[in-house]
Visitor: 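My questions will all concern the structure given below.
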Amino acid sequence: MPVTQPEWFSDLDAWWSPAVGEDVARHVEPVGIDDHIRLHVRCSSPAWRTQTRLLGTSLTGRVNELLAPKAKITGIVVQAASSALPQIIRDRWPDIVGEDLADQVEPTMLGAQGQELCTLAVSAEARDEAGRRAPEILARIRELIGEGCTITRWSPSSLLPVVVLVTGSPEVTDRQAVEDVLLQIWHDTVQVVGTEHTLILEHGCETAVDRFVSEWVAHLGLPDDAGLISAPMAADTARHPDLCVAIFRHTSEVLPLENQASAAGIPVQRVLLP
């Protein structure tokens, strides 16, 4: 669906950045308005696409508060594709950022109308070191691309989220037992990687366990930046979950998603409920 940019659209600092916050604004870029007065956005990664879809209603309300009375949107549409990143940046990334950081900081998209380079980092240390090198990184990019280069800014890296796929047997109906498992997953994640990494609990849409995951996160009533979200399995990402947790009642059970995770080389943690 084609989109347009009304007269008020270009002043993102007046209505988008204050509505969503600096972190979201760095990785979620408004593209335009469609015929149904929905705001189309593109995101720097599948994780940001998932999070933006989940926060769509609340983000719409905040945007409308800042746009009033001159405009109003009816919703937010998350586009499947990210803003194009020049292929030369991906091809020459080790030369641009340094061999020691090339596998720890990943270029993801261009934000701010093509002026800002957005990245994801595997750790806070890698993020901070890339930030220190930002002037040199941008200079190398300008040298590679030449006079047509529009990239003038470095967006501080977000940290890669931890993605845990939770799957359960249809026979598991004990909500409290499942919630205890989820709480342990959250605790273990924070202990291992700290609080700066978002934990995404992916799930299917078929069993009671899937419903328990979604409802547990919702009932916690956490703020948007709490670093814990649940989401149906993403179909538009090439990145595998970091872990699959299979919850079952009988040791002989082998769940379909558990099999798929094992075949893809994803570690599987099996949890037997009484």
Visitor: Kindly indicate whether the side chain of Leu117, heavy atoms from C-beta on, has any atom under 4.5 Å from the side chain of Thr119.
Guide: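 A side-chain contact under 4.5 Å exists here.
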
Visitor: Give the minimum heavy-atom separation between Leu160 and His197, together with the two atoms involved.
Guide: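 Heavy atoms only, the tightest pair is O-ND1, 2.7 Å.
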
Visitor: Is Trp8 reaching over with its side chain to a backbone N or O of Leu67, donor-acceptor style, under 3.5 angstrom?
Guide: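 A pair under 3.5 Å: no.
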
Visitor: Go through the structure and list residues passing side-chain hydrogen bond (donor to acceptor under 3.5 Å, both in side chains) with Asp188, not counting sequence neighbours.
Guide: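 Counting only residues at least two positions away or on another chain, Asp188 forms a side-chain hydrogen bond (donor to acceptor under 3.5 Å, both in side chains) with Gln184.
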
Visitor: Applying salt bridge (charged side-chain N to carboxylate O under 4.0 Å, His left out), can you list everything that pairs with Arg133, at least two apart in sequence or on another chain?
Guide: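 Residues passing salt bridge (charged side-chain N to carboxylate O under 4.0 Å, His left out) with Arg133: Asp100, Glu129.
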
Visitor: Only counting residues at least two apart or in another chain, list the ones meeting ring-ring contact (aromatic ring centres under 6.0 Å, His included) with Phe248.
Guide: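 Testing Phe248 for ring-ring contact (aromatic ring centres under 6.0 Å, His included), a comparison that skips the adjacent residues, returns none.
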
Visitor: Can you list, pair by pair, the side-chain donor-acceptor contacts under 3.5 Å of residues 250-262, counting residues two or more places apart and other chains?
Guide:
residue	atom	partner	partner atom	Å
His250	NE2	Glu171	OE1	2.9
Glu253	OE1	Arg249	N	2.9
Glu253	OE1	His250	N	3.0
Glu253	OE2	Ser169	OG	2.5
Glu258	OE1	Leu255	N	3.1
Glu258	OE2	Arg270	NE	2.7
Ser262	OG	Glu258	O	3.2

Visitor: Looking at side-chain heavy atoms only, is the closest gap between Val178 and Trp216 below 4.5 Å?
Guide: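 Result no, sub-4.5 Å side-chain heavy-atom pair not found.
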
Visitor: Taking all heavy atoms of Pro30 and all of Leu39, pick out the closest pair and write down the distance.
Guide: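 For Pro30 versus Leu39, the nearest heavy atoms are CB-CD1, 4.0 Å.
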
Visitor: State which residues pass side-chain contact (heavy atoms from CB on, under 4.5 Å) with Pro94; sequence neighbours excluded, sorted by chain then number.
Guide: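 Per chain and number, Pro94 pairs via side-chain contact (heavy atoms from CB on, under 4.5 Å) with Glu99, Ala102.
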
Visitor: With distance as the sole test, does Arg90 use its side chain to make a donor-acceptor pair with the main-chain N or O of Pro107 at under 3.5 Å?
Guide: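 Checking the backbone N and O of Pro107 against the side chain of Arg90, a donor-acceptor pair under 3.5 Å is found.
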
Visitor: Tell me whether the count of non-hydrogen atoms from other residues, nucleotides or ligands lying under 6.0 Å of CD in Gln87 goes above 12.
Guide: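 Correct, the count exceeds 12.
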
Visitor: For residues Pro161 and Asp242, report the shortest heavy-atom separation together with the two atoms involved.
Guide: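 So the minimum-distance heavy-atom pair works out to O-OD2, 3.8 Å.
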
Visitor: Taking atom CD1 of Ile37 as the centre, does the number of heavy atoms from other residues, nucleotides or ligands within less than 6.0 Å exceed 12?
Guide: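 Open: at most 12 neighbouring heavy atoms sit under 6.0 Å from CD1 of Ile37.
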
Visitor: Before accepting this row, confirm whether a basic side-chain N of the pair Arg175/Glu215 lies closer than 4.0 Å to the acidic partner's carboxylate O.
Guide: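 Yes, this pair counts.
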
Visitor: For residues Ile200 and Val164, determine if any side-chain heavy atom of one lies less than 4.5 Å from a side-chain heavy atom of the other.
Guide: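 The answer is no; the side chains never approach within 4.5 Å.
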
Visitor: Looking only at non-hydrogen atoms, find the nearest pair between Thr74 and Thr60 and report the distance.
Guide: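 Nearest pair, atom of Thr74 first, then Thr60: C-CG2, 4.3 Å.
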
Visitor: Does Cys118 offer a backbone N or O that forms a donor-acceptor pair with the side chain of Thr108 under 3.5 Å?
Guide: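 At least one qualifying donor-acceptor pair exists.
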
Visitor: Which atom pair, heavy atoms only, marks the closest approach of Leu243 to Pro267?
Guide: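 Smallest heavy-atom distance, with atoms named: CD1-O, 3.4 Å.
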
Visitor: How many angstroms lie between CH2 in Trp16 and CZ in Arg62, if you round to the nearest 0.5 Å?
Guide: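 Reported to 0.5 Å precision, the distance equals 10.0 Å.
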
Visitor: Quick one: pull up CZ in Arg132 and CH2 in Trp154 and give me the separation to the nearest 0.5 Å.
Guide: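 One gets 12.0 Å once the value is rounded to the nearest 0.5 Å.
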
Visitor: On a heavy-atom basis, which atom in Pro86 and which in Ile145 lie closest, and how many Å separate them?
Guide: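 Residues Pro86 and Ile145, closest heavy atoms: CG-CD1, 4.2 Å.
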
Visitor: Tell me the salt bridge (charged side-chain N to carboxylate O under 4.0 Å, His left out) pairs involving residues 101-110, sequence neighbours left out?
Guide: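 Listed once each, the pairs would be none.
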
